[in-house]
Every structure is written in structure tokens, then in C-alpha cells.
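By convention in this document, chain letters (A, B, ...) are assigned in the order of the sequence lines, proteins followed by strands, and residues within each chain are numbered from 1.
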Amino acid sequence: MRSQRYSGMALGLIVLGLLCLPVRWGAAEPLRVALLSSDTSLPYKNLSDALSAKSQQPGSVFKMVSAHEGHDLLLTTGSRALEMALGSSKRPILALMLPQSGYQALLSQAGPRAVEISAVYLDQPRDRQMRFVRALFPKFRKVGLLYSPALGSSVAAWSQAAADSDLRLVSRAAGAQEDLFGALEEVLNETDVLLATPDTAVYNSNSIRNILLASYRWRIPMVGFSQGYVNAGAVGAIFSTPEQIAHQAGHMIVAYLKSGRLPQGQFPQDYEVAINYQVARSLGLEIPSVGSLKQQIGNAGGKQ
Amino acid sequence: MNKYLLVALLGMNAAHASDLTDEQAFLGEMPVVLSASRLLQPQSEAPNAMTVIDRQMIKASGLRSIPDLFRMVPGMYVSHYTGSQAMVSYHGTTDQYARRMQVKVDGRTIYMPMLGQVNWEDLPLHIDDIERIEVVRGPAAAAYGANSTQGIINIVTREAGAFNGTHFTLGGGQSGAAEVSLRRGGHWREIDYRFTVGYRASEGYAENAWGIQNDSFATRLFNFRAAYHVDSANDLDVQFGYNGGVRGDGWNDSLSNTPHDQRSRSDFQQISWHHVLANGDDWQLNYSHLGESIDNVTATRPLPLVFSLDTSRRTQRHDIEWQHTARAGEQHRVVWGAALRRDALDAPNLLSAPRAVNEQRLFAHDEWRFHPDWLLNSGVMAERNAFGRSDLSPRVALNWHVANGQTLRMGLSRAYRNPSLIEEAGDYRMRQGPFLVQFLRASGGLQPEKMLSRELGYLGEFAALDLTADVRVYHDQLQDVIYVRSVPFPASLTGRTLDTENAFDVDQSGLELALKRRWGEGHSALFNYAYQTAVSSNPLYPKAIPAHTIFLQYSKGWSDWGSVSLDYYQLSGHQPFDRGALDVQHLVRRCDVRVAKFLGDSGGGQSELSLGVQNLFNQYQTDYLRNNQFPRRAYLKLDIAY
């Protein structure tokens, strides 16, 4: 009798203890998340502010701490921060604010690693960019692409993404300054629209001006990947804002907490669309409203 | 934020693969490249009927001289007074000096105020330097300044950064035609540049029963253009050029203007400063200087008479213009500005004394989109001309987008043509010892010619067919047309001379049609038709207007082989206004063909060999005078790009 009571009590205590444990986890300290930024300039600051704001929302499961202190997860913004983190971090890394190609290049450069790593990419998936082009210009069939030889391997993927949206890809390799003009003229001669990509060997501060002027001279609209492109003279651009990236980072952190593993590297779910109506009008193009564009592009997760 | 780690990062500057695809491309600020004034008005929103001749059309036409290109504009009259003097005039002309059109190159007026003409052969411009030509069919003084009663030709040359590499051309053909040119475009730090060096020559029209045709020419030209991109808001564009050549002039059946050579030199310099404001508005400051001198060189052939006419002249022009383009709210785009010009002329046998004339003008233009489908273009130019007279030239046009791709346009404008210096103050004479022959003595006091133009236009853009249709119906009232009449002048050997007066009025109306279509793999066609009719107090004028003009161009390009193009040109018979019945122009029909074959591999910038034949079927035709008999001419040209 007495042994039954003691084992009963012991069982009760164990059960109570077990019951308490998840509750302790649930009401436990929020996840300590540190942030490493490549730079202090405005875009990086906007993202770190958005992350801080997210961490301070009621019900948030994480809090921002300084990288000096102990932390459970490291967020990096930009490629230089990621490169640094890959060399030295002991904690899982969530990379933000860099394109998929940059992220993959840094991973392969770093070699085998001990910590878990994932990312929210800065660029839009190729098929979403092509759906954007299709929605902007329903009558166009050909989309032009200029790429540097080092990124030649991506052309097949671009071609497939274009085909999935009922478009044909016209592409040329363009390397040095001298090559660029010739390749550009050839593309402009054959295509209906020029899609700019974050390939800095082709689209850089020296060349952007001449590329925009040349495509305008040919009456070919350009589609870019940031608000800056629309200001410069591209007819449209599709991109994700720091708030949208921070929002998605928050979701990934919640998923990490639930499952103990970081979800796979992913493209942004939410995006913005910007249009330069003056340039569109000057080219004689009628652009549908932003709302109807977004509806057409949809949000199908985005496969690359 | 971990300051310690950031400092360490800043120290890193090793290059790595991710440089090609890091985030900087997404984050950088970008300057406004397509600023308010760079944005061209689409054709459907232009206040006038506009024909654009682009590089592809120029190439397909196989034409080698710039004035000939204007045959591709409906309603344009293109002819030659001599092999080296072309006449380009919209809706006809009274004589070989086509002075009712404004002609500009990169915003620089090249219309010369002396005789009121454009010396096409003297332009330091090579046909391959042209990016596009905008021809405004109808008056547009508010946008282009004075002297545009009949229209404006605006030649836009290739920008300094438009191409990289070297192009070499070599050509030769019948009628002693020859040309060679070298063009190079490049880039050095923030400066883009391009330059052209060229030589061209021709023997002009051939000798025939009416004369020896001393109209050959040899021209050397050079031009240079550089663009300095100072910073994201400022651009500086500098151009200069020179053209020098010898031209044959004179007639063997003239007692005074006997065959002789003329040496012609012209040069220009231009600098533009373009500044873009944060919201995309911009302003521009242009300064240009043009100099021209024409000297008669004594006759190269033995003369039966001792008289020699000397029409040597020197012109200097300075022009400074400021223009501001701004968006005022969502609905308005405003362009306004001011300009000053000074022309100095020295012509001992055409004017009594050297003269300098000044002009000032103020202009403003507004595009008001008061409804998504309606656009009101209104503009005005206020001008104080060389003779102290002030005029106001207003213009208004309403564009209605009736349906998708269909636009109707209604326009009304008033314009003035100021007398040229020789019309107002000419003292054109020839003195030999005690003998004086007075050709023209203008008593002055002329009124400017007045033009009131009304038009109705339709533009259809059928994207599915890749077809554009441009129709224009117009009624122009031209008053006080300046012309000459014979008056007694005892001092002259002939006892008479010519004086100028506001002689007659003309009412011109007509229809113009232009169709353009592209289809399939590399096919394109262009069809122009113009019908013109005139009523005038002067019975000769209506007969001087060709009733029907047709131009048809078909071209087919193969991306791996080359191209073929065919042109057909037809001009109704007419009687040139200032010529007698002997020079009546019969119906002209002309077929030109051009075949071009690519050379080498099709890298950027094609090398090609082309053969062109003008007047393929050798149909008898004359240009303006019966002396100018247009033969069948073949021409071979080699273009090498590397």
C-alpha cells in the first residue's frame, strides 16, 4: 500500500514535471536573435529597423540582441556580413538581403560548414519576373536578356521561365565595355522588352545610363528590379521592400522555433510593383493598374 | 549592431565571385535618365503631323545624300537646281531657294538668312551620323522658332555614346560619285565621344544638249561629338565640325554667271548643358556658332567674255538658347524658353555693306491632358526679328484618342516668314570697270509672309498588324508671298533690275497619307501619297505644284544574309514657278533598287557590301531644269565595322 502511494506520487511528480516543461518552453525567454549588417546605409538600416519593429510586436517570439552577447540565431544582411558569419559563427545563420546567386556563391566558396544556414533571397524568382513582364505587356512575345559570361549557366533557367509564361527569350552574352554595345544592339533589334538582371558586369553605374538611353532610342521598354530603375526610366520594376523581407524572416524564425530546424532558403512571398507612367505613355504603352498586375502575377510561392 | 564586427568587415576588400551578384545592384540610388525633355511625345500626341525617318529607313533607301531622304516624306518637294544645290521644300517652292522651311541639326538652325536657303552640301554632317530625322509637316513656330511656315526638319545626330567601335565606308559609282569615310565611337572615363572624317565627290549632272553642267563637287568633312556625364544631374555635350569643298558653278549659256569654281568652307561649334532636377524636370542651355564662307574662284574654263560674277559671302551666326521642361501637376507638361541670335553677313556684291542682325524670341508650349483620352497642345512664340518687327505665332491642337490606337487631331496655327536679307536689302550687282549690271535692288519695307494653317489628322496604330496609318487633310492660307518683279533701273547696263515685293496670296489644300507596315521575318513597307492643289492671285503658282506624289518602299532583311530594298517614286508633271515653259517637268517615275550582303560573321555592327541602282529602268526625267537630266546610276559601297 505504502509503496503504491509513493510510486503514485512519484508518477504524479514526473507527469507534473513533464507537463511543466513545454509550458516553460512556451512561456520561456524569446529567441535571442543577433543581427550582422554589411553596412549602415539606408537600405540596411531600413531592414534592421523593420526587424526590430517585428521583434517588439506583442506576441513576438524573438528579441534582438547585440552580437557580443549570447544569441541563438544570427541574421545577416548583405553579402559581406554573410561572408564574415560563415567564417566565424557558431550559431545557425539566416541570411537576408542578398540575391540567390550571391548566397549560393558564398556557400560554395565557404565549403563545408558546421552550422545550419538558410536565407530569404532579395531577388524575385525567375518565373515571377516573367509573369510580371507578361502582365505588363500582354501583346509582347519576346523578352531580351543580357548576361555576362560568368553567369552564362543561368540562361537555360531563364529560357525555361520565359517559356512557362508563353514568352521567348532573346539573350546575348556581353562582357567588356566594347562587347556590351554590340550585344545590346542585337538584343534590342530582336526583342520587345529588355529585362534587367542584377548582373553587375553588365548593369553597373557606368553602363545603366547608356543601356537605358539605347533601349529608349529603340523604343524598347526596360523592366528592372528596384524602385531606382523606375526612377531612372524603366517602365516597371518588381521588388520586395525591407518590411516584407523582415515579415518573412519573422515567419522563418517562428518555423525554426517550432521544428528546431530552419526552413529551406526561399524567395520573398510578398512584393511590390512600381511603374513609370510617363515613360510608358511616351512609348505608347498602356499599363494595367498595379492591383490588376499583382492579381495576374499571383503569389504561387515562386519556383526558380 | 555590432560595431566591432562592422569595422572588421569594412577592412575586407578581397574580390570574390559574389561581386557579380551581390545586393548593391538592388540598393543603389539611380539618377533620372529619361528626364522630362528626353521623353519624346508619342506620334499620337504630337500637335502636328510628323514623319520620322529612322536609321533603318535610311539604310533601306540606299540613298547617299541627305536631301534625297526627304522624298520619303509625303508632300515634300525634293529637287536639284544643280548637282551640288539641292532644294527641299514642303508643298512646293517659288524658286531654287527653298526658304519656307526651318531646318535644324541637333537644335542648331542651319537655315542661312542671306539668300534664305539651306546649303545641304556644306553641312559638316555625314548621312551615317544621323540617328533620326523628324519632319514636322505644317507650321510649328511655337516649338521650333521662326521661318517654319511650311514645316520643320529636325535632324538628330547620333549621341556621343551611341556606338563603340570603328566604321569605315568606301563607295564609288557612276557620274563620278565617290566617297570614303571613317567613324569612330569610344569611351574614356566619364566621356563618350564619336567623330567622323569623310570625303565625297560627284560630277553632278552630265553634259547634254542644254549645257556643260559645271556642277561637280568635292567635299571634305569632319565632325566630333563628346558627352561628358558630369554627375547624375548634369551632362555636357560638345560638338564641332568643319566642311570644306570646291563646287562647280555657273552656266555656259550665261553672260554673267560663267562657269567657275566656288570654294566653300563652313564650320560649327556647339555646347549644351543639360541639368536634371530631382523630380525629373530639366533645363538646357545651348550655345552654337556657325560660320560659312563662299568664295568664287576665277573661272577654270576659257571665257568668251570678261565679265565674272562674284557672289562671295561670309556669314557668322551666334545663338544662345535656354529651355526648361517641367511637369506642372499630373495633367500638364510645359516647355518654355528664350533665345538670342546674332547673324553677321558680309557679301560685297549682294549687299551694299556688311550687316549684323539680331533676333530675340520667347516661346512657351503646354501639353494639357484634361482627360485620359484628350490632349490639348497649345503654344506661342513671340519674336523680334532682324528688321525690328515683332510677331506672335500661336498654335493650338486638340488630340482625341477615339479608341485604342486611333487618334484624331485638329490643329490651327499661325506663322510668319521674315524676308531674307537679300529680299529686304539686297544689292545684287556686277561691276566691271565703268559697267554695272544690277540683278536685284530691293527697295525694302517688306511685310513678313503670313501663314494660317488648319488641319485635320488621323493616326491609326494597329499593333496586331504592326501597321501605322497617318492621314492629314489641310488648308493653308499664305499671304503676302514675297517675289520679284522687274522695274526700271537706268544705271544698269540692261536698264532694268528686279525689286522684291509682297506679290501674291496662295491658298493651298491637300491630303497626305503615310502607311507603314512590318510583317513576317524582316519584311517592311512604306507607302506615301500626297495630293496638292492651290488657288492663287498669281496664275503661275497652281501650275507649279505637282498634283500627286507617290513614294513606295519595300524592304526585306535576312538576319544571316543581308537585305534587299526597292523604292518607287512618282511626281506629277508641273511647271517650276520661276522657269519658263522650256523647263516644264513632265511626269517623273523612278525605281531604285538596293542589295546588301553581310560580310564576315554577324557580330555587333554589321559589315556589308551593297549595290544600289537609281532610276533602274532609265526613265527620262529632269530635275527642275531641263539641263538636269537624271541618268541611271549604279553605286557600290563597302561598309566595314570592327
Open item on the list: Working to the nearest 0.5 angstrom, can you tell me the gap between S282(A) OG and E45(B) CD?
Closed with: 8.5 Å

Task: Proximity breakdown for I208(A) and chain B, heavy-atom pairs closer than 4.5 Å - done: side chain

Open item on the list: Using a 6.0 Å cut-off, check whether atom CD of Q331(B) has over 12 heavy atoms from anything other than its own residue.
Closed with: yes

Task: Choice from A34(A), G233(A), A232(A) maximising heavy atom contacts with chain B below 4.5 Å - done: A232(A)

- [ ] Quick one: which of H229(B), Q43(B), R132(B) has the most heavy-atom pairs under 4.5 Å with chain A, could you say?
- [x] H229(B)

- [ ] Would you indicate whether N404(B), at its atom CG, is surrounded by more than 12 heavy atoms from other residues, nucleotides or ligands within a distance under 6.0 Å?
- [x] no

- [ ] Flag the one option from A162(B), S44(B), A463(B), A464(B) with the top tally of heavy-atom pairs under 4.5 Å to chain A.
- [x] A162(B)

Task: Flag for E330(B)-Y277(A): side-chain donor and acceptor within less than 3.5 Å - done: no

Task: Residue, of E131(B), Q41(B), Q56(B), that accumulates the most heavy atom pairs under 4.5 Å with chain A - done: E131(B)

- [ ] Mind checking the CZ-CZ spacing from R281(A) to R369(B)? Nearest 0.5 Å is all I need.
- [x] 3.5 Å

- [ ] Find the distance between NE2 (H187(B)) and CG (L180(A)) and round it off to the nearest 0.5 Å.
- [x] 10.5 Å

- [ ] Output the distance between atom CG (D54(B)) and atom CH2 (W218(A)), rounded to the nearest 0.5 Å.
- [x] 9.0 Å

Open item on the list: Is E461(B) close to chain A through its backbone or its side chain, or both, or neither, when contacts mean heavy atoms under 4.5 Å?
Closed with: neither

Task: Atom pair CZ/CZ of F26(B) and F225(A) - distance to nearest 0.5 Å - done: 5.5 Å

Open item on the list: For chain B, which candidate among R172(A), M97(A), M64(A) shows the most heavy-atom pairs at distances under 4.5 Å?
Closed with: M97(A)

Open item on the list: Does any backbone or side-chain atom of R333(B) lie under 4.5 Å from a heavy atom of chain A? Answer side chain, backbone, both or neither.
Closed with: neither

Open item on the list: What's the separation between atom CZ in R55(B) and atom CZ in R217(A), rounded to the nearest 0.5 Å?
Closed with: 9.5 Å

Open item on the list: For the NZ atom on K45(A), are there more than 12 heavy atoms of other groups (residues, nucleotides or ligands in this structure) within a distance under 6.0 Å?
Closed with: no

TODO: Report yes if some heavy atom in the side chain of L34(B) is under 4.5 Å from a heavy atom in the side chain of Q278(A); otherwise report no.
DONE: no

Task: Validation row: D235(B), R209(A) side chains within 4.5 angstrom (heavy atoms) - done: yes

Task: Beyond-backbone contact of R219(A) with L40(B), side-chain heavy atoms, under 4.5 angstrom - done: yes

- [ ] Taking the side chain as every heavy atom from C-beta outward, state whether N231(A) and V33(B) have any atom pair closer than 4.5 Å.
- [x] no

Open item on the list: With heavy-atom distances below 4.5 Å as the criterion, would you say the side chains of E23(B) and P43(A) are in contact?
Closed with: no

Task: Minimum side-chain heavy-atom gap Q24(B)-T200(A) below 4.5 Å - done: no

